[in-house]
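Letters go in sequence order (proteins before strands), and every chain restarts at 1.
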Protein chains: 2
Amino acid sequence: MFLGKLLKRWVSSYNDQEKELARVVRQITGRKPFNIKLYHLAMQHTSVAFESGAIKGFKESNERLEYLGDAVLGSVVAEYLFKRYPYKDEGFLTEIRSRIVNRESLNRLAVKIGLSQMVAFEGRKNSALSHKSIYGDAMEAFIGAIYLDRGFHFTRRFIIHKLLMRHYDIEEIIETTTNFKSLIIEWAQKNSKAVEFTVSKQGGKDGKQFKVNLLIDGDVQAEGAGYSKKKAEQDAARKTCENLTLI
Amino acid sequence: MFLGKLLKRWVSSYNDQEKELARVVRQITGRKPFNIKLYHLAMQHTSVAFESGAIKGFKESNERLEYLGDAVLGSVVAEYLFKRYPYKDEGFLTEIRSRIVNRESLNRLAVKIGLSQMVAFEGRKNSALSHKSIYGDAMEAFIGAIYLDRGFHFTRRFIIHKLLMRHYDIEEIIETTTNFKSLIIEWAQKNSKAVEFTVSKQGGKDGKQFKVNLLIDGDVQAEGAGYSKKKAEQDAARKTCENLTLI
């Protein structure tokens, strides 16, 4: 009762911008925010960062919250996949997790749930900047804000029920072609090997057919072909993955 | 009361190996394990993996738990540093976290808390394998096991109070020379730039004095000097970090 009154008094002290943000937070998470300032900060891209009164030279933006949210999101998705796929190895789990939390995927998610409209940044909307990573960064910062505002269990439920189960088709994500290039690079880092791709041939009528060699520590492992450099690299990487029995 | 009796019955069904493991878990975490099988699995390096009866071709080892523990540890350390250093930016937080949870540091931690003696792997103790990453991997898997056995809050307290506060001197970690090379590489990845180090000179009486150029997208940014290639690279990286105002 007392808490309810207190919350009302807080809410009545919100300015218009905060009221709108509180409405959006409630719509997205299902609950009113306790501390609206956290969510406000989560929406502040570094291009509109303001200098903190407390410490000279320290600019407040959503980057710290993004760092926190990234970690929390990563661990919740890790556990979710761990439990959902009890007989899949850690290579599979790592790969699927990276597809769920990559920048592009988080950008799309921020737009889908209606968060993108709240993000404040310098520059025109729909400019190159807005497409790059701003929304995905804000998505992570928003998760960081929820975590600080409502704790681990609420955040975990939010991520699983309102993000993963509602906006991701994980079976489809799994069926999508594996990113063999990233598999090879990961393997190489683990085993301290150097990976290199070199174009061995560019031809075809329109000059768009590529052949690419994949080298490990300077030795050619496989040749890949495709209608773009990227596709030829994927092809070479897939062959190498097979040779190394990584897949 | 009933739960206590049940736990006693479970414990009395342990074999000798499990009893010893339960004793070690209690010593390290302060609590008896609920599910000893999780901790047993956490100690099984992939070199001693056994085929699961349930699924043909699926080998059980600590790698899945390692994947989970890595994520949980990462998020707890992220939050700890976030709250401990309210006026440090995310570059600082990321760097300090990576020093705390890197493989070497986790290897040492596993030895310090007495976990390393419980790890099962093929090969001689003190062989190259045992020094590389086995103990650090087991350390992460152990955290994964605690998380599944006792949940988030217990694991968070364990990591903060029994690992971070007891076995790390974070102020000292911060004062240790920054790894400028990794800072540059991280920055380059974020901004889609290519970083390259090339030796421009090797000389001195013993041929051990190096000069190294740091190139970004093919352009020389700075020259570093040192009594090893590594030190010269660090020097060049530090200068570049300064030029780019990354530090």
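Proximity to chain A at a heavy-atom threshold of 4.5 Å picks out Ala71(B), Val72(B), Gly74(B), Ser75(B), Val77(B), Ala78(B), Glu79(B), Leu81(B), Phe82(B), Lys83(B) from residues 71-83 of chain B, in numerical order. Residues of residues 155-164 of chain A having a heavy atom under 4.5 Å from any heavy atom of chain B, listed by number: Arg156(A).
Residues Arg238(A) and Cys241(A) fail the side-chain proximity criterion, which asks for heavy atoms closer than 4.5 Å. Within the 4.5 Å cutoff, the side chain of Thr94(A) has heavy atoms near those of the Glu186(A) side chain. Put simply, the side chain of Asp89(A) does not reach to within 4.5 Å of the side chain of Tyr67(B), judged on heavy atoms. Put simply, the side chain of Phe154(B) reaches to within 4.5 Å of the side chain of Arg31(B), judged on heavy atoms. You'll find the side chain of Val195(B) stays beyond 4.5 Å of the side chain of Thr240(B), heavy atoms only.
Across Ile113(A), Asn107(A), Val101(A), a single residue satisfies side-chain contact (heavy atoms from CB on, under 4.5 Å) together with Met139(A), and that is Ile113(A).
In this structure, chain A has no heavy atom under 4.5 Å from any part of Phe92(B).
Closest approach of Ser228(A) and Phe210(A) over heavy atoms only: C-CD1, 3.6 Å.
Under the 30°/60° scheme for interplanar angles, the aromatic rings of Phe152(A) and His153(B) are found to stand perpendicular.
Between the NE2 atom in His40(A) and the CG atom in Asn62(A) there is a gap of 11.0 Å [rounded to 0.5 Å]. To the nearest 0.5 angstrom, Lys193(A) atom NZ is 9.5 Å from Asp219(A) atom CG.
The choice from Leu93(B), Asp70(B), Leu148(B) that makes the most heavy-atom pairs within less than 4.5 Å of chain A is Leu93(B). Considering only heavy-atom pairs separated by less than 4.5 Å from chain B, the leading option among Glu66(A), Glu90(A), Lys88(A) is Glu90(A). Heavy-atom pairs under 4.5 Å with chain B were tallied for Arg64(A), Arg97(A), Glu63(A); the largest tally goes to Arg64(A).
The number of heavy atoms from other shown groups lying within 6.0 Å of CZ (Arg84(B)) is above 12.
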